[in-house]
Amino acid sequence: ITLAQALKEIEESDKEIDYLPHCPVYDTTRSTTKCRVTFDGSQGKDNSLNSCLLAGPKMQVDSVQTLINFRCHPVAIMADLSKVFLSCSVNEEDRDLLRWLHREENGEISIYRLTNVGFGNKDSPLLSDAILRYHCDKFLNQNPRKWEDAVKVLQNDRYVDDLCTGMKNTSQAIKIREAIHTLLALGNFTVGKWASNDSKFLKTIPTSSLAPHENLDGQIFSNHTKVLGLTWDPKLDTLGIKLPQIAVEAHKLPITKRTIARICPAIYDLHGFVYPFVLKGKLLLPSDLLSTNCRFFGKVLSDGNKIFIRV
């Protein structure tokens with residue numbers, strides 16, 4: 001197990017010790033890291049580890065502002081900062097609060113403790129962001145002219161570990177990518193899964209560092225990817241919202257209370273771009289357009305039918 005320290009036996013100590021429950025979280029839509037171990041720092045309610053930690057101030061840039069900055073330039077660029085939490089070390093004296101148990105293949109229970117910031121603790125986003133900002137400011141003070149543009153992008157066009165920025169032309173895009181890659185490497189951070197709507201820019205990046213893509217007639221095109229709650233098609237350079245299958249096939253279903261109650265909450269719209277349309281469907285549920293004595297599986301009245309179909 002990487003990024004964790006094995007303890008051979010339970011040692012009695014005057015230090016505070018805490019054992020964290022953990023579980024695997026699967027995301028089959030990701031091109032890498034389809035399984036991530038997440039720790040439950042809230043286990044125990046009032047006596048949990050998270051109840052003793054402070055989340056700290058919000059340091060992330062507003063996601064809508066990041067999205068606007070992302071599409072204000074002809075050359076759009078996306079990248080992923082790999083394992084940001086796990087790239088940040090935890091002080092030696094605090095590691096006993098991050099112990100956990102693991103069942104080995106032979107059935108024996110082993111004790112480990114995290115040596116890096118893990119998923120599930122209240123202060124993890126603050127720690128990782130503060131460390132990254134500290135790293136950027138340190139090198140910016142040493143050489144402002146060299147790192148000014150890279151630091152500006154990392155601090156203003158980044159949301160957690162998603163880098164969303166853009167440049168006026170290909171040459172500027174190549175220059176900023178090289179600066180960001182070098183600056184992050186100095187702090188043992190890695191950046192990869194580069195995506196763009198500019199094929200010439202993508203050709204300058206090693207294939208191993210690219211997001212899923214296709215090569216057509218010597219040109220590289222990034223595949224559909226997620227960007228801050230939306231879907232982005234780099235080839236057509238369009239943003240959209242991915243609808244759940246039940247919403248796509250809504251016209252085939254009988255329009256009942258149950259159908260409306262299933263479809264409307266299933267539409268994930270982080271920024272509220274399509275919420276005015278979804279709201280019309282939600283308003284049908286308590287409105288007079290629904291029969292007061294209509295069963296949950298019964299059909300909606302005719303006027304409600306017309307509104308829901310139009311939505």
Side-chain angles (χ1 to χ4, degrees), residues 23-38 40 42 60-68 70-71 76 78-80 119-120 125 158-164 193 195-197 211-214 221-291 294-311:
C23 65
V25 175
Y26 295 92
D27 186 355
T28 57
T29 62
R30 294 176 61 91
S31 57
T32 58
T33 319
K34 297 182 182 295
C35 177
R36 173 178 290 168
V37 178
T38 301
D40 185 3
S42 298
Q60 296 293 338
V61 180
D62 182 71
S63 60
V64 176
Q65 184 62 50
T66 303
L67 190 63
I68 293 174
F70 170 61
R71 296 312 298 125
M78 271 196 64
D80 178 74
F119 300 96
R158 176 181 57 85
Y159 190 80
V160 190
D161 57 356
D162 292 328
L163 189 64
C164 310
K193 292 196 284 188
S196 177
N197 58 352
H213 61 280
E214 55 184 354
F221 297 97
S222 298
N223 295 345
H224 278 74
T225 185
K226 295 179 181 178
V227 49
L228 302 179
L230 301 177
T231 60
W232 179 43
D233 184 351
K235 188 186 297 184
L236 300 177
D237 202 8
T238 57
L239 294 170
I241 292 179
K242 185 177 181 181
L243 296 176
Q245 191 63 28
I246 186 174
V248 175
E249 300 178 352
H251 62 283
K252 301 179 182 179
L253 302 174
I255 303 179
T256 63
K257 288 183 179 181
R258 182 173 183 268
T259 301
I260 298 174
R262 289 176 61 195
I263 292 177
C264 292
I267 299 176
Y268 178 71
D269 181 18
L270 177 63
H271 308 289
F273 291 140
V274 299
Y275 194 76
F277 304 97
V278 178
L279 181 61
K280 290 184 178 180
K282 290 185 176 181
L283 290 177
L284 283 176
L285 290 174
S287 72
D288 293 334
L289 295 176
L290 291 174
S291 174
C294 180
R295 294 182 179 179
F296 189 66
F297 293 94
K299 290 188 177 182
V300 182
L301 296 181
S302 58
D303 290 340
N305 264 323
K306 295 176 182 179
I307 293 178
F308 189 72
I309 291 174
R310 188 165 63 247
V311 172

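Because the structure is a prediction, the values reported are computed rather than measured. Reckoned from all heavy atoms, side chains included, excluding hydrogens, waters and symmetry mates.
A distance-only check finds a donor-acceptor pair linking the side chain of Q60 to the backbone of V160 [under 3.5 Å]. For the pair T231 (side chain) and G240 (backbone), a donor-acceptor distance under 3.5 Å is present. For the pair H271 (side chain) and L228 (backbone), a donor-acceptor distance under 3.5 Å is present. Checking side-chain atoms of S222 against main-chain N and O of S196 turns up a donor-acceptor pair under 3.5 Å.
Taking both residues in full, the closest heavy atoms of G229 and Y268 are given as CA-CE2, 4.2 Å, listed atom of the first, atom of the second, then distance. In plain terms, the two heavy atoms of N197 and A76 that are nearest each other are OD1-N, 3.0 Å. Heavy atoms only, all atoms of each residue included: F119 and V37 are closest at CD1-O, 3.7 Å. Residue C264 comes nearest to V278 through the heavy atom pair O-CG1, 3.8 Å, listed as atom of the first residue, atom of the second, then distance.
Atoms CH2 and NE2, from W232 and H224 in turn, are 11.0 Å apart once rounded to the nearest 0.5 Å. Considering CG of D62 and OH of Y159, their distance stands at 8.0 Å, rounded to 0.5 Å. To the nearest 0.5 angstrom, D269 atom CG is 7.5 Å from L230 atom CG.
Here the options are D162, T225, L163, D80, the test is side chain to side chain contact (heavy atoms under 4.5 Å, CB included), and the partner is K193; only D80 passes.
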